[in-house]
Each structure stands twice: as structure tokens, then as C-alpha cells.
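Letters A, B, ... are given to chains in the order of the sequence lines, protein chains preceding strands, and every chain is numbered from 1.
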Amino acid sequence: MNKLLPFIMAGDPSLESLPRLLAEAKALGIEALEIGLPHSDPIADGPVLQAAAHRAIQRGATPLRVVETLAGLTESPDLILFTYLNPLLQIGAERLIGLLRLTPVKALLVVDLPDSEEPEFEARLRAAGYPIIPLLSPTTDLDRAKGLLERRPDPGGDHPFAQRFAYVVARLGVTGTGGAPDLAPVRERVAALQSISDRPLAVGFGLSDPQALAEVRAMGATPVIGSALVQALAAGVALETFLHTRLG
Amino acid sequence: MNKLLPFIMAGDPSLESLPRLLAEAKALGIEALEIGLPHSDPIADGPVLQAAAHRAIQRGATPLRVVETLAGLTESPDLILFTYLNPLLQIGAERLIGLLRLTPVKALLVVDLPDSEEPEFEARLRAAGYPIIPLLSPTTDLDRAKGLLERRPDPGGDHPFAQRFAYVVARLGVTGTGGAPDLAPVRERVAALQSISDRPLAVGFGLSDPQALAEVRAMGATPVIGSALVQALAAGVALETFLHTRLG
Amino acid sequence: YAPETLMQPLLDLEEAFRKALDDSSFQAELKSELRHFVGRPTPLTSAPRLAAKLGLRDLYLKREDLTHTGAHKINNALAQALLARRMGKTQIIAETGAGQHGVAAAAACARLGLRCTVYMGVVDMARQAPNVARMRLFGTEVVPVEAGQGTLKEAVNEALRAWAARCDKAHYILGSALGPHPFPTMVRTFQTVIGEEARAQVLEQAGALPDSVIACAGGGSNGLGLLVPFLGDALHRFAVEAGGHGPALGEHAARLDGGRMGVLHGCKTLLLQDEHGHTAETASISAGLDYPALGPELAALALDEKIEVLRASDDQALEAAKWLCESEGILPALESSHALALLPELAKRGFTTVLLGLSGRGDKDLSTYQSKLGI
Amino acid sequence: YAPETLMQPLLDLEEAFRKALDDSSFQAELKSELRHFVGRPTPLTSAPRLAAKLGLRDLYLKREDLTHTGAHKINNALAQALLARRMGKTQIIAETGAGQHGVAAAAACARLGLRCTVYMGVVDMARQAPNVARMRLFGTEVVPVEAGQGTLKEAVNEALRAWAARCDKAHYILGSALGPHPFPTMVRTFQTVIGEEARAQVLEQAGALPDSVIACAGGGSNGLGLLVPFLGDALHRFAVEAGGHGPALGEHAARLDGGRMGVLHGCKTLLLQDEHGHTAETASISAGLDYPALGPELAALALDEKIEVLRASDDQALEAAKWLCESEGILPALESSHALALLPELAKRGFTTVLLGLSGRGDKDLSTYQSKLGI
């Protein structure tokens, strides 16, 4: 189980520094990392990631340039492309698969793609080795969760974490904002999910202080850290320094 | 028949100068003169007389002060009090009659008092020697004119012009404004009125240049000059000078 | 009490008005325009949340705010415009204070293809600039009146003068139940559609008449329009005047207590005036209630104790507007807010079921509400 | 196409919506509020002078401008507020662009005693300041949205985020026929009252159906509301988009020609976007028509050639507003003016009898009309 699933916004602080950042993450022992594709209308993101996406777009981090930047990288954790659906649809499944082949991207997390909406598109990506990570939120009851996990199945133990995990949304709302979530209900939900599936779980939305991260690990899940990291990187903090403060 | 019926606004340029002005008028051979009582809402007056009334009120020319100023004057033409109804109603018929007794006022011209509206009030004034002058406008047809002249009758040849005349409104609209009225229809109306009544007629509204005054006289009627005179007096022109320009 | 120049036009108007009333084709045309253009019948809205808040059992609002152009003024303006067209007049003159009657007259004239000139005080033009723009969009000429306080009274003066100058071609659409005969009667007649509808609606919705009916009153077109159809009923009728910001002459527009009989604009009625018989200045936060005279028919009914006349202050009206906004989602005109302001008083006096005339919408008063309520 | 957090709330909403539709007590309550509070049915006004001017035989205007709060938005806002109360929600979230939907939601919430928060772009807040004041008077909190162009799209983003955070207690009242299922269906369903009434009215007044029906379309709530009930009839249906000030991307909001299929705000439809799949900027003089996506149902009907989609430019819309003002005394919203602007085109194509949806009144657009038309 991973100790941490970091999230960074592609193109913020810059596309140029992205390869170095990914290499650094790998060197620091990060196995998998979520990389955000900057979008014009990030409806599930809070102010920090909205601002980061906006900066990245201003600096020219279009979807194609992001993917080009990732092409050929070997010194990188496994990447989960965190994105909204529309840019992918505009690229198209075939072309997208071709582009991803050259990158360390192993899976996609498409915020606004419920499993029922683009079955053909999703099936082609999955068949090509790019599964879409299931999201489980506080409004997802256990029955629904069961269905979601079945319809976006675990590819199996021989696959890396990046392709296997399900993402547990810690609380209602958007990324980043608000104080630390109350972890008691999260603990219950994680336990319930663990009782119906032995899939690795990542827990995100609102986690930032070391104690919350430790509590998530104590549940047997991987904590996601996004907004706090993006903010630190934008402020010029080195990845190593940041991780050090969070992992102790 | 009078050569001219001048109109002045009481209190403009000042109440103090009013006795001197009236004495001057008498000395210049003016037999009768309309004196305007400044009112807050002079709905039949154009801009010049509105402004004069406004100035006069600002300077304290209330109805009572105007009447007080006129009290005891002997050197004055016969006065026709040109007024709106409300100030008279507020004073009341009895008190008004008592006040007028002391003044050179011989009759009243009440712009907004049709003969039907305050019969008792009007009858008391008439009985006391203060007839209300009938107004005949371009919208008054000959039948209606006949009735109006009957209901506000000529007190007879032993009475002065000021109590006998009827006022012919030369054109639609208000006092003063607009160019000189077309006198052809006025001539027709005056002739028609002369055919049904041998009452003296005064013609007013919009008359100002010497030629128009002469034309009215040629009809056998007395021209009224108001706004032009009021404006001249306010500008400091002497009454004699002004009359000279108008009567030649 | 009109100058002789206007007497014959007034007599002609009275005759045309009487004939039109008896003419079923005029009635049918008016009814059709009121229905399809103005949006009549306007709803009667039950206001349960506001009633509960103020201690009433039932409160019904007669929604003149939902008419085309946003106030009851259009009922009369449209009817008079139809009458003018019937009389062969091609031009219309109107006065306006808050601008609602001017906008209504402008709309009616555009609708019927009549040329329209509206006289408006310069002070009112500045504070009701949106209504000036609306009139101009409708193709109406708005003439600024500089005299005096630059408000409604001066606008009526100027409109009367303009009518005297053009009475051969123009009809004067007076907007309230005042002025020389036949205007008060005519305006009241064209506005009683409010009360007639409301009476039928409340019987239908509540199954019974209310115990009280209340409306604000400037000149009286709204007050009479709502209250007159209830004159024969055993219930209490209230008209609410503008109490302004104080009890002294010049600080309010409460004519019943503050005025005495006098003549203004061609009619004899209760008038705010000084000791010289000059019309007094008035004050009200509501541009539609600051006319110095109560319409003569309303004054007569008040003196006859058929209608009880109360007053609401500027501050009470503002507070009442907020109640209605927050409890029912309806933004009342400042005029209507004066009637709303008296509801607690009615509750205190034991009335339980009130029908209130909502004469217009408050959009025109937004800037006042914003500044005074700190929105 | 919604984030997982909203999936269950959306499923719950769909179920509640279906149940409400089948529940005669909900239908009765809605009908009563539409009649007594909103002022339905709205009139159908024959516009003979404008028809003659533009070369049409008959022109009928469906008068949504006469509804409470002044636009068709209230039909949907009120219905959804009733639904929310039924679902036990105590809070309402809404977005607004021009402010008409925000005002409608605010009014509906005040009426029903629901707490309301409206998200609005900072640019829209500045140019529609009067509507901000109206919402606040109704007790609604207006939250400024600073992101992006500061207009409707960003307001929807922020409203969706707020709903995700409070979906346990709050219902989101979306104002147009867009967003994730069931919103497009629900909004369309609550707006078809427009076309249903209009169809019955035109049959009653004209004795026959017109040969064409036309409405403006932003998201599509007004367009669908008027046009859908005529889908089964043998006549021509038109929707008019904002042509803005030019044909290039970013200069207009004409999605049919200018857009391609994409996903925004939870639905897949015709979308103005750049080559990266980012939503494009739009331009229109009308704040209610500048949404970058056409509602999915309207897009489907357009692609299926059931509805013909045209565009009118800013200048055409302004000119058309003037026609209606001067010929009929009705001040149209800038949105509705886009439909009016196409009438000469319809006449040229041989249509003679047109039914046009007047979606709202133009009071909110007065300052634009003033500055652009030099009033």
C-alpha cells in the first residue's frame, strides 16, 4: 500500500519543470501520482486547483502539450491522469490511446464521467490498458459502490496500484477547501468498503495535515494530498521539503 | 373706450413701488389696470407671469399684504384684481369685501372660477360692487358666450369700464408665450360678440407689438398688455417709457 | 374650476365619456385591451406567511403590480387613450410624477398610434430616470418642468397649460382622480375594475368578504379603484396617505388632517395650503403619494366616514416593504408599502382578514430601497 | 456527466420529480401558485401595428414579461422550489446570469420560506446591479463569482460546487434546460406551460394555428417552453441564438453553427469550445443568451430539423426592441428582441402569421437600450 498519492497540476508552476518534478517524486519513493489536466471549467475543484488550472492554461498547458511533455519520460511514478471529460472526447479515444502509449500514464480519473455515460469510449480505453478509476463519495451508498466497483473492475493484483485503486471522496464538496474533514465517518465508510472489496483505496478531498494523513493510513488506505501540494509547489517549495513535512 | 388695459403683477418688482407705479399710470391717463395677485400655481399663465408671481411671492407679496398696500390709495386707475380662486376662498367673501372697500379695486377676474362653481360667493361679491369679469375664449362658442355674458351681466353705463368689460382671450394657450396671434379670427369673434352685446371688450393673451394693439383698437376693443409690460418693469424700464413705445 | 378655455373641451370630454360608457363596442374594445394587452384580471394572491407574521388570519393582495408597465395607472391611461382616439384626437398630453402614469400613457399611445407628450418635473426626472427612458423608448416626448419643487404639482400645471394651447387636437390624460370634472369621475370609473375583480376573486377564493380593505391614496385613483366597489359591503375601508417624516406642514402629504378645503388644478377638495391659499410643499419618500390634494371623491367619502383615512410614515413604509419582500417574494412600490405599513395597526384593532391593494411594483423604487435599507 | 458526489442527489431528484408529476396534490399546488402568485395564464397579445410595419398579417406575442418578477424564469423556479420543499430541503442554491433566474428563485424561496443562495459572476453583478438588489431584498444571499469571464458559465460552476458541498440539505434550482439529467427534462417540463397556454390562446383568438412560432434560445428554457407544445403541429418552429457582433469564435453565442458536441456542466450538447476542449468565451449584448452551450434537448431537436435555429446580431436585436416599443408600447428584454429581429426574415420567407415568445420585460436592459439607442 502506498503511503501517499500526491496530486500535481500539469503546467503549474510550469510544463518545463514537470519532467524534473516527476523524476524527483520517483526518487523520493512515490509509486503513483495524480496529474491534473488543466481545464477551463473544473466544477469539482476548489479555489486552489481552479487557480492552478487557470495559471497553467494561461501558460499554454493545453492537453496535447501536457501529453507531449510526458511522452518518453521513464523517470516518473505511475501517473493517473486526473481530468474532465470534454478534452478527452475532443481528442477521441483512438488518438488519445496512441498519445498515452508514450507516457507514464497508467489510468485515468475522469471527474465528470459516470460509468454509464460513454460506455464505448470507456471500454476502448480500458481494453487499451487505461482503466478509469472509480470514485466513491459520501453520497454513494454501499449498494451503489458495489455496482461502481464492478463496472469499473480491479484489473487484478498483477497491475500497479495506479490502475487498481478506487478513490474515496472524504467529504461533500470540492477539492481543497474547508477545514480537515471529520474522519470518523470516513473511517466507517472505508471499513465498509473494505468489507465488500479488497481493492486498494485512496482517500482524498480536504486532507492536508500530517495527522489526517496518518489517520487515513491507519485505516489501511492511501491518503491523497492535492491542494496543499499544488500551493506549496506554486510558492517555490521543493517537493522533497513538502513531503518531508507531511510524512514526518 | 380705453386705449389700453395694462397688466402688472403685484409685488414685482416690489410692493413698495406699487403705489408710485399706480399713480404714474393714472397720471399717464390709464383709466383701468389689471393687477395680478401672485399665486403658487398660475395654470393659465406663461413663463413670464409665472416667474413674476414667483419673484413676488419670494418677496412676501401675500394676498393680504397686496390688499393692504392698495388700501387708501387714491391716485390709481380703477383696478381689476386678476387672481386664482383659492386665495379668495381662503380669505372668505365677507372679509374680502371689507378689505377691498379700502382699495381702488373695482372688479375681479378669477381665472379658474366658471360662473357655475361658487354662485353664493360670487353673488355676495357682486352685490357688494365687485363683479367678476367674464372670460370668452376661442373655445367659447357664441351661444355659450351669450350665457356667460348674461350670468355675469353688465352693471350698466353708469359703471366704470373696469366693472363692465368682458375679456376676450385672443388665442388658445396661456398668457404671454408664443408669437403674436393671428388676429383675423379674433376680429371675427369680436365682431360676432359685438353683434350680440354692446358691452366693452378687452382682448388679451399674446399681444405685445404696437401694430397688434392698434389692430385690436381698430376692432373697437381694448388691447390688454401683460407679459411684455411685466418683463419691462422687472428690467427697470419706466412705465411711461414702455407705454410710449406701445402707444406711439 | 377650470379656465374658460378648457370649459368647452371638458364639456365635450364629459359627453364623449358618457357616450362611450353606454357604447358596447367601446366597452368591448376596452375589455379586450385590458385582457390581452394589460393582463387583466390581475391575480389575487393570498399571503399566508406575511399574514402570520403580522397576526392576521388571512391577507389577500390585489396584484396591480403585475399589469403591463407595472402599476394600476395603465387601466386609466389605456381607457382614456381609447376614448381620445374615438374623439378623433391625434395627440395626447399627460403629466407624471413618479413616472408610472407617464409610462402607462406612453405605452397606451404607442399601442394606439397616438402622439404623446408627457410633462414631468425636473426633480422627478432625475430621481425617476429609468421611467424617463421607458417613455422615450415608447416614442413619447418628455418635457422637463423647471418650476417650483419640480415635481407632480408643477407637471400638472404645465400639462394643463399645454392642453389649453392644443385642446383642439389633443386630449389630456390625467392620471389620478383629480383635476376638473369629468376627470375625477372618469379616472375613478376606469379604475374600479380593480375592486370589482378583487371582490369577485376574494369571494371565490375565501368564500366570504374580508373584514377590511385597504389601499394607499395619492390623488386617489388606486384608493377609489379598489375601495369603491366595496362601498355597499359591511366591512371597513381604509385609505393610507403619506405621513412623510413629520407632522408639520411641508413634512408630509396627509391631506385629511393636514389640509382644508381649497381649489387646485380645477377641483375643490382637501388641500395642503398655507394661510395665504398658496399650495403647500409636501414631503414623502414616495413620489406617487406626494400630491398636495386628495382627489375630491375620496375626500368626500372620507368626510362622510365611508372610508377611514390613515397615514404611514416614510420609515414605516420602508419597513413594510421589507416584510413583503422577505415573507412573500414580492417587491412592492413605495406607494403600496404605505398600505402594508398599516397592517399591524389593523391587526391590533381586531381585523383578521384583510384585502390590500398592491398598486404597483417596486422596481422603480429600487435605488431608494437600496440606500435606505442598506441593501 | 456529473461528478459522483452529485449522482445520488440527481437520482433522488429524478425520482422526486417523477413522483411529483404523478401527484395531483403537487400539480394542484403548482397550478394554484402559478395562477395566484405568478399571474398565469399570461396574455397572448395581438400586435397589429408591428405586424403591419413588418409585412405580416398577424403577430401574436406570448407575454411572459407579465409574469411576477418579469420573465418566464419564475415558472421553473417556483416549481422547483415547491419540489424542493416536498423533498424536505430547507436550502436552495441557484446560479444566475442576467439575474432574472436569480430574482425568480429568490422570490420563490421567500414565498415558500426557503433559504436561498445565488451565485453570480462579478461582471454580471456589476451590469445587472438592480437584479442584485432585488435578490437581496428578498432575503437571498448573492455570492460573487470572480473566476473567468465573471458571467453565467462561472456562476454555474460555482453553484455546482456549492451543491456538491451541501447536497444533503440543499436543492439546486438550475434556471435553464441544461446541466445534468434530470435538469434539462425538468426545466423543459416546467416551462412548457408557456406553449400550452399559447397554443390554446391562439386557437381561441385567431381560430387557427399560426404558420410559424419563434422564440429566443439561451440554454433553451424559453425556446423549449414555447416550441415543444407545437412539435406535433404542421407549422414552422424557430429558435434564435445570439449572433453577437461577429462570426468568429468568441464574438457570438451561436452554438448550432459555431459549436460542436461536447460536455459542459453535466450534459453533452452543442458547445462553443476551442480545439483543446476548453469552453470558449462568448459575446452577446444579451446576458441571458451568452451561455456557451445549447441545452441538449433543443440541440437534439435542432439537429433533427424539428426546430430551425437562426441567429440575430446585437444590432439587429436593438433595432427590433425599438420597433416593438414604438409600435405596441411594449419594452422587450434584450433576449426577446433577438426573436423579434427575425420577423422581417420570416415575412420575406412567406410566413404571414407568427406567434412569438416574449420571454421577459426589458426593464433590466434599460441602461443598455439607453446607451446604445441614444435615448
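- Residue contact with chain D, scored on non-hydrogen atoms closer than 4.5 Å, is absent for C/Gln201.
- Looking only at side-chain heavy atoms (C-beta outward), C/Leu137 and D/Leu366 come within less than 4.5 Å of each other.
- Of the listed residues (D/Leu324, D/Thr42, D/Ile330), the one with the most heavy-atom contacts under 4.5 Å to chain C is D/Ile330.
- Proximity to chain D involves both the backbone and the side chain of C/Arg35, based on heavy atoms less than 4.5 angstrom apart.
- Although no hydrogens or angles enter the test, the distance criterion places no donor-acceptor pair under 3.5 Å between the side chain of C/Arg361 and the main chain of D/His68.
- Salt bridge absent: D/Arg115 and C/Glu326 never bring a charged side-chain N and a carboxylate O closer than 4.0 Å.
- In plain terms, the two heavy atoms of C/Ala107 and D/Gly329 that are nearest each other are CB-O, 3.4 Å.
- Across C/Leu331 and D/Phe138, no two heavy atoms sit closer than the pair N-CE2, 3.7 Å.
- Only the side chain of D/Tyr369 comes within less than 4.5 Å of a heavy atom of chain C; its backbone N, CA, C and O stay farther away.
- For C/Val132, no part sits under 4.5 Å from any heavy atom of chain D, backbone or side chain.
- By the side-chain contact (heavy atoms from CB on, under 4.5 Å) test, C/Arg85 is found to be paired with C/Glu29, C/Leu82, C/Leu112, residues two or more places apart in sequence or in another chain being considered.
- For the options C/Ala129, C/Cys109, C/Pro41, C/Gly113, heavy-atom pairs under 4.5 Å to chain D are most numerous at C/Gly113.
- The two residues C/Gly39 and D/Pro43 have their closest heavy-atom pair at CA-CG, 3.5 Å.
- Two residues are said to be in side-chain contact when any heavy atoms from C-beta on lie closer than 4.5 Å; C/Ile375 and D/Arg134 fail this criterion.
- Atoms CG and CZ, on C/Leu373 and D/Arg136 in that order, are 13.5 Å from each other to the nearest 0.5 Å.
- Top candidate by heavy-atom pairs under 4.5 Å with chain C, chosen from D/Gly139, D/Pro130, D/Ala108, D/Ala106, is D/Pro130.
- With a 4.5 angstrom heavy-atom cutoff, C/Gln370 touches chain D only via side-chain atoms.
- Residue contact with chain D, scored on non-hydrogen atoms closer than 4.5 Å, is absent for C/Ser32.
- Proximity to chain C (any heavy atom under 4.5 Å) is shown, for D/Glu33, by neither the backbone nor the side chain.
- When D/Ser327, D/Ala47, D/Cys325, D/Gly362 are compared by the number of non-hydrogen pairs under 4.5 Å with chain C, D/Cys325 comes out ahead.
- When heavy atoms are compared at a cutoff of 4.5 Å, C/Arg40 does not approach chain D at all.
- Contact residues of residues 58-66 of chain C toward chain D are C/Arg63, C/Asp65, C/Leu66 (heavy-atom distance under 4.5 Å).
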